[in-house]
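The sequence lines fix the lettering, A, B, ..., with proteins before strands; numbering per chain opens at 1. The model shown is predicted, which means the values in this text are computed figures rather than measured ones.
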Amino acid sequence: MSERRLADLLAMWRIRAFEEKVRDLRLEGPIVGSVHLCIGQEAIPVGACDVLEPEDALYATYRGHGWAIARGVPVEALFAELMGRATGVNGGRGGSAYFTAADHGFHGENSIVGAGAPIACGAALAGRFDGSDRAAVTVFGDGAMNQGAVHEAMNFAAAFDLPVVFVCENNRYSELTPIADMVRAPRLADRAAAYGMPGYRIDGNDAEAVRFHMRDALEVAREGGGPTLLECMTERIVGHYIGDAENYRKPGELDRIRRREPIARLKEGLLADGVPAAEIDAVEEKARGEIEAAAAAAMAAPYADPATAREHLYA
Amino acid sequence: MSERRLADLLAMWRIRAFEEKVRDLRLEGPIVGSVHLCIGQEAIPVGACDVLEPEDALYATYRGHGWAIARGVPVEALFAELMGRATGVNGGRGGSAYFTAADHGFHGENSIVGAGAPIACGAALAGRFDGSDRAAVTVFGDGAMNQGAVHEAMNFAAAFDLPVVFVCENNRYSELTPIADMVRAPRLADRAAAYGMPGYRIDGNDAEAVRFHMRDALEVAREGGGPTLLECMTERIVGHYIGDAENYRKPGELDRIRRREPIARLKEGLLADGVPAAEIDAVEEKARGEIEAAAAAAMAAPYADPATAREHLYA
Amino acid sequence: MPETSKPEIRKLGYGEAVNAALHRLMEELPETLVYGEDVGVPGGVFGVTRGLRKSFGARVFDTPISEAAILGSAVGAAMMGRRPIVEIMWADFSLVALDQIVNQAANVRYVSAGRLTAPLTIRTQQGNAPGACAQHSQCLEALFLHVPGLRVCMPSTPQDAYDLLVTAVHCDDPVLVIENRTLYFGARQEVTVGGPVPPMGGVRVRHPGSDVTVVTWGAMTWRAVEAAELLAGEGIGVEVVETPWLNPFDTEAVVAAAGRTRRLAVVHEANVTGGFGAEVVARVAQAGVPLLAPPIRIGAPDVRMPAAPVLAQALLPDADRIAGEVRTLVRG
Amino acid sequence: MPETSKPEIRKLGYGEAVNAALHRLMEELPETLVYGEDVGVPGGVFGVTRGLRKSFGARVFDTPISEAAILGSAVGAAMMGRRPIVEIMWADFSLVALDQIVNQAANVRYVSAGRLTAPLTIRTQQGNAPGACAQHSQCLEALFLHVPGLRVCMPSTPQDAYDLLVTAVHCDDPVLVIENRTLYFGARQEVTVGGPVPPMGGVRVRHPGSDVTVVTWGAMTWRAVEAAELLAGEGIGVEVVETPWLNPFDTEAVVAAAGRTRRLAVVHEANVTGGFGAEVVARVAQAGVPLLAPPIRIGAPDVRMPAAPVLAQALLPDADRIAGEVRTLVRG
Ligand SMILES: Cc1ncc(C[n+]2csc(CCOP(=O)(O)OP(=O)(O)O)c2C)c(N)n1
Ligand SMILES: Cc1ncc(C[n+]2csc(CCOP(=O)(O)OP(=O)(O)O)c2C)c(N)n1
Ligand SMILES: [Mg+2]
Ligand SMILES: [Mg+2]
């Protein structure tokens with residue numbers, strides 16, 4: 001049992017160390033533009049991706065670095081993408097908010113709120129005809145639940161029993177605005193009933209809880225039972241984007257968040273179960289080492305070649 | 001009691017006679033283009049508009065002739081609009097699917113499915129600031145429930161406690177496709193819960209039932225209680241548009257519909273209550289007389305002047 | 001293009017030709033899907049998809065009234081190896097979900113540097129028909145033509161309705177096929193079906209003439225040809241060049257034609273300002289074609305479309321108006 | 001325009017000027033409302049609406065991430081006598097709800113023959129900034145400029161950011177004000193606030209010159225001015241004519257300018273095909289201005305926008321590229 005939890009810890013540390021390095025690189029200059037970190041939300045991709053099959057399709061958002069990493073996309077190629085290198089997952093064309101790496105079952109980030117949901121329906125639909133057992137997963141935030149495209153996608157998937165898992169990462173804010181002020185019924189999972197599909201509000205800071213619900217949803221989906229909505233409760237420890245002054249935080253809010261965040265919680269649990277502190281700390285060290293090496297390798301790679309900027313528009 | 005029911009009967013006959021005349025004129029030539037009749041659905045506008053105040057705003061769809069009539073828009077101006085006359089409610093610019101008559105609290109039809117719902121939210125919002133007690137009503141079909149804009153509008157109205165009544169005319173078909181095939185949970189009223197607002201599935205072929213629920217919803221809305229969704233169960237006796245071959249109908253379906261349709265039902269009830277048949281028949285006659293006269297007057301009016309076709313684009 | 005069935009000539013109307021192309025495509029490309037509102041069991045509100053559901057079962061289906069879901073799912077299915085052919089019933093309705101076309105479909109290949117593709121075909125129809133309201137009358141091709149990453153065509157004959165759709169669906173990029181509902185039920189013509197189809201692009205010279213070049217597309221092609229026939233009687237030779245493919249656009253052929261006649265008029269049904277006519281004029285101007293008179297554009301004036309036919313007629317270009325403006329262009 | 005407060009000169013950046021205009025408008029027009037995503041309590045993701053919520057309470061508020069609801073409710077509120085000023089955070093996002101702008105707002109006045117109006121103002125911002133992805137980089141003005149019934153402007157200075165917004169909100173029609181986020185935090189300049197503002201329309205000559213006319217708008221104005229300064233050193237006189245109002249567009253002034261210099265280049269950040277540059281070239285061509293050389297258009301090539309700055313820079317027009325192409329236009 002503690003083995004799996006140590007593996008989860010490593011997977012989460014990989015994401016967090018990546019994101020922290022990204023923040024440094026953004027503040028120091030090698031990365032430019034708007035960047036949305038998932039620090040505090042790592043348990044969701046880690047738990048969910050663990051039970052995905054290679055042929056499954058995953059659609060994330062601009063806050064999707066963690067999903068890409070959990071899906072196995074090489075972090076060096078992600079760093080390279082962020083720094084506009086030729087070796088980036090998209091050769092520099094996607095950037096932070098628009099990673100794609102289809103060869104790793106990561107069908108991409110999306111920086112239009114809600115737009116990935118209908119696209120995931122299509123991937124699931126394709127599975128009906130290509131002989132695969134594909135399920136599709138679409139990830140979005142609490143705020144995205146108020147976007148028309150997400151509504152249409154949920155109905156579409158439910159009406160046609162498509163194997164789609166709708167993962168809502170409810171971090172309580174849509175950018176700078178509390179979701180609680182933007183809906184009347186704050187339990188977003190309950191919206192699933194409108195479409196006749198199951199919806200669960202779950203602990204998104206517990207990779208094991210996410211793993212269980214994801215596995216269950218995928219099984220139902222693959223058996224023809226159609227879609228599920230998982231509202232994963234979480235919180236980001238950082239701003240909406242790098243540079244966010246976070247004026248909207250209430251006093252003590254970040255302290256509370258830090259006490260509940262998935263890595264701190266998991267470490268605490270492991271310690272309580274008697275795993276030696278040194279072993280736990282070694283996990284972080286290992287992740288940070290990998291990440292530093294990958295960042296350095298990415299930084300050494302050549303920039304994307306401007307002469308190629310017009311390529312690949314059409315077949 | 002039978003007085004109100006006789007008034008309802010007259011109001012419904014006015015709509016039906018209008019629609020039947022429109023069908024004739026469409027088939028004979030004076031009206032051209034796509035026309036969507038509301039024959040069979042008359043009880044909804046009649047019951048609902050009876051309890052609206054003059055300052056309330058009403059947004060209907062292309063199947064909105066009945067709503068315009070029930071709101072008191074002169075039928076002659078509607079006929080004229082349909083025949084492209086200068087005296088039309090829009091001077092011929094709107095046509096069958098895009099009537100507006102703001103001076104009668106009829107803020108218009110809309111021929112984009114679902115588009116009226118957010119617009120109604122705006123009218124309700126305006127009421128917060130202009131000192132009026134305005135409520136807004138938006139009407140749409142069962143199929144429109146799957147449109148993103150309707151979802152966004154319902155959440156918007158609920159989140160901000162806006163005085164909006166969402167009237168869904170569930171006639172069981174979206175154009176030629178049964179709504180039952182396009183949703184998993186066929187009781188659309190239940191979707192209201194997703195937004196934390198009340199939703200009721202009601203008998204849309206009973207003007208009295210519609211009147212009760214509409215009055216109730218308006219009272220709640222005006223008291224600051226926010227929006228309500230009313231799913232009014234009804235059926236059209238005619239095609240989706242004039243010319244629809246109605247191949248999608250099941251055997252015996254139209255017979256069943258005719259037995260339940262609001263005018264037949266109300267006549268039966270009045271007869272059972274001892275209202276003389278002659279009195280009941282006189283209502284139809286009166287309505288048909290009015291309608292014929294209005295159609296004739298409209299037909300005698302001059303066509304819209306082509307020289308004016310470029311006017312009124314900008315202030 | 002893969003192997004095709006044997007060519008055969010059939011008498012088909014425009015809508016029937018679309019239907020024949022869909023049947024062929026469903027047969028020759030097992031990865032095709034056809035879906036949209038009312039396209040399955042009912043066979044489409046214009047009957048264009050009739051028979052497909054019966055022949056191809058689950059590969060043809062009706063959808064909720066959810067344009068974002070229709071288009072978005074087509075993008076997703078296309079990224080996964082399907083070739084969806086989806087219908088947006090009226091071009092006007094694409095505006096509720098344009099994001100899926102512009103921000104999603106058009107980006108797939110470019111942003112992934114070719115690792116992902118989105119070979120979907122969007123069939124829609126547009127334009128005014130008598131009595132149609134302002135929300136069912138727009139010609140929106142210019143919007144799509146400003147979007148790199150899409151292909152766009154507008155067939156005006158049964159043969160092109162067939163050929164262009166076949167080409168579109170075989171194309172590995174997102175293609176928008178904009179049909180015109182006033183043409184669906186036009187006269188039957190001989191259509192070669194089943195054989196190879198011409199490559200993407202090119203122009204069709206619909207009327208010969210050497211005094212002036214009229215570049216046009218869509219249903220306006222036939223108004224322009226009528227005008228050319230009128231003017232032929234007056235001794236004015238009008239070359240009507242139809243550009244059924246607007247992206248890719250055959251600039252070379254258009255510039256060459258304008259260079260031959262040294263007079264240019266562009267005719268489209270869309271309103272003039274910001275219409276694709278501006279692009280055509282700009283390309284010819286930029287090519288330095290020495291014209292005998294300034295080029296003109298003929299289209300709807302910049303207003304909304306009124307429902308009353310008597311009002312709409314005052315706005316839409318017809319043969320008389322085209323002939324009049326072209327006559328002035330030639331005669332001064 | 002109603003009575004205004006006393007004019008006063010303040011040092012303001014572009015974003016601050018927008019903010020000052022909003023404060024003024026909220027004060028002088030009680031029927032205004034300001035809302036959109038994060039515009040209320042947070043004061044906007046670029047800080048542009050800062051302070052409004054505090055000063056004007058419930059008339060300023062945050063909304064769900066629901067562009068159709070934001071735009072649609074603005075249409076409805078405007079039809080009912082309010083003057084909503086709503087924000088679409090990025091022009092790219094308008095594509096999820098374009099219906100409400102094109103099929104709804106733009107039709108209100110025309111279809112009701114003037115009995116209803118929709119005096120809403122949509123503030124948005126667009127364009128590329130270093131590192132922005134393809135879904136956050138588009139210049140979409142051409143789409144809106146093809147829609148009769150809308151007014152569209154693109155301020156490039158703090159003064160115009162102030163003036164144009166005041167004009168827009170006072171206008172009784174739907175107006176789209178397209179700002180540019182790369183300008184928000186530019187240098188403070190002297191801005192006259194509080195007084196009367198110029199009427200809608202017109203041009204701004206940003207650099208004098210008699211050899212060639214460069215017509216441009218938005219942030220590109222300043223790239224064009226840089227280019228003009230470069231070329232001035234080489235003895236080439238470039239007149240930079242900015243058209244902050246694109247609808248209404250001051251065709252007369254542009255044609256007159258092109259007629260004076262007899263050379264025309266149009267510069268915009270949007271990709272060339274179907275861009276509004278085509279319209280400008282077409283209008284000048286149609287006016288029969290005798291040019292010494294064919295007109296040129298300078299814009300992004302027809303591709304999507306890559307995130308890597310090194311790639312984007314290869315596509316976006318900058319002063320060097322503009323100077324190069326204009327030099328060739330003049331010198332041959
Ligand atoms: C259609 C659209 N509208 C607005 C935005 C701007 N925007 C980017 S992220 C965001 C907030 C999203 O909140 P949520 O869905 O909760 O996701 P989170 O960022 O919290 O993960 C907004 C409004 C956008 N990208 N797309
Ligand atoms: C956005 C959009 N999509 C599609 C259409 C075409 N259309 C017109 S009516 C209709 C069916 C609507 O069904 P429903 O909402 O049930 O209303 P009903 O016609 O039954 O009253 C459709 C699909 C449209 N007008 N707008
Ligand atoms: Mg969130
Ligand atoms: Mg219906």
Side-chain angles (χ1 to χ4, degrees), chain B residues 55 57 59 86 88-95 98-103 107-108 110-130 132 134 136 138 147-160 162 164 304 308-315, chain D residues 30-33 35 57-59 61-84 86 96-97 99-100 102-120 147-151 170-175 200 247-248:
Chain B
E55 77 262 25
Y59 298 85
V89 270
N90 297 86
R93 287 157 177 242
Y98 208 3
F99 286 165
T100 60
D103 39 348
H107 288 82
N110 207 310
S111 71
I112 301 296
V113 167
I119 299 177
C121 291
L125 179 66
R128 286 250 161 103
F129 299 99
D130 64 14
S132 77
R134 179 187 310 115
T138 172
Q147 182 70 213
V150 172
H151 163 76
E152 294 192 6
M154 288 189 183
N155 180 68
F156 194 88
F160 297 152
L162 294 176
V164 179
T308 64
R310 298 180 189 213
E311 293 172 4
H312 298 300
L313 184 66
Y314 294 110
Chain D
E31 67 270 31
T32 47
L33 302 172
Y35 62 97
R59 284 169 59 205
F61 58 94
D62 298 307
T63 65
I65 310 180
S66 303
E67 281 78 7
I70 294 168
L71 291 167
S73 66
V75 174
M79 284 164 78
M80 284 302 185
R82 298 295 99 190
R83 242 168 234 278
V86 293
V96 303
D99 167 64
Q100 288 292 345
V102 177
N103 290 329
Q104 311 301 332
N107 278 329
V108 170
R109 178 185 291 276
Y110 183 82
V111 171
S112 71
R115 287 184 203 96
L116 276 170
T117 60
L120 68 147
V147 181
L150 303 178
R151 297 294 191 190
H170 279 276
C171 173
D172 288 335
D173 291 312
V175 185
M200 189 177 272
N247 180 344

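- Counting heavy-atom pairs closer than 4.5 Å to chain D, the top-ranked of the candidates B/Ala123, B/Gly92, B/Gly114, B/Ser111 is B/Ala123.
- In this structure, the separation between CG on D/Asp99 and CD on B/Gln147 is 8.0 Å, given to the nearest 0.5 Å.
- With chain B as partner, the option from D/Thr63, D/Ile70, D/Asn107 having the largest number of non-hydrogen pairs under 4.5 angstrom is D/Asn107.
- Of the two parts of B/Leu313, the backbone and the side chain both hold a non-hydrogen atom closer than 4.5 Å to a non-hydrogen atom of chain D.
- No other option in B/Asp103, B/Leu162, B/Ile112, B/Thr308 has as many heavy-atom pairs under 4.5 Å with chain D as B/Ile112.
- Scanning both residues, D/Met80 and B/Ala126, for their nearest heavy atoms gives CB-CB, 3.6 Å.
- Only the backbone of D/Leu150 comes within contact range of chain B, judged by heavy atoms closer than 4.5 Å.
- Considering CG of D/Asp62 and CZ of B/Phe160, their distance stands at 7.5 Å, rounded to 0.5 Å.
- Only the side chain of D/Asp173 comes within less than 4.5 Å of a heavy atom in chain B; its backbone stays farther off.
- Contact of D/Ser112 with chain B is made through backbone and side chain together, with heavy-atom distances under 4.5 Å.
- The shortest heavy-atom contact between D/Gln100 and B/Pro118 is NE2-CG, 3.6 Å.
- For a residue to count as touching a neighbouring chain, one of its non-hydrogen atoms must lie under 4.5 Å from one of that chain's; by this rule D/Arg109 touches chain B with backbone and side chain alike.
- Contacts between D/Glu67 and chain B at a heavy-atom distance below 4.5 Å involve the backbone alone (N, CA, C, O).
- Nearest heavy atoms, D/Val111 versus B/Gly94: CG1-CA, 3.7 Å.
- Here the straight-line distance linking atom CZ of B/Phe129 with atom CZ of D/Arg59 works out to 8.0 Å at 0.5 Å rounding.
- Between D/Ser73 and B/Ile119, every side-chain heavy-atom pair lies at or beyond the 4.5 Å cut-off.
- Ring geometry for B/Phe156 against D/Tyr35 counts as tilted: the plane angle lies between 30° and 60°, on a 0 to 90° scale.
- At a 4.5 Å heavy-atom cutoff, the contact between B/Asn155 and chain D is made by side-chain atoms alone.
- Between D/Gln104 and B/Asn110 there is a side-chain heavy-atom pair separated by less than 4.5 Å.
- In this structure, B/Arg93 satisfies the cation-pi test against D/Tyr110, with its NZ or CZ atom closer than 6.0 Å to the six-membered ring centre and inside 45 degrees of the ring normal.
- Most heavy-atom pairs under 4.5 Å with chain D: of the set B/His151, B/Glu311, B/Arg310, B/Arg134, this distinction falls to B/Arg134.
- Taking the side chain as every heavy atom from C-beta outward, B/Tyr59 and D/Met79 approach each other to under 4.5 Å.
- The most heavy-atom pairs under 4.5 Å with chain D, out of B/Ala115, B/Ala153, B/Ser132, come from B/Ala115.
- The two atoms that bring D/Arg115 and B/Val89 nearest to each other are NH1-O, 2.7 Å, heavy atoms only.
- Residue B/Ala120 does not touch chain D at all, counting heavy-atom pairs closer than 4.5 Å.
- There is no contact between B/Ala136 and chain D, counting heavy-atom distances below 4.5 Å.
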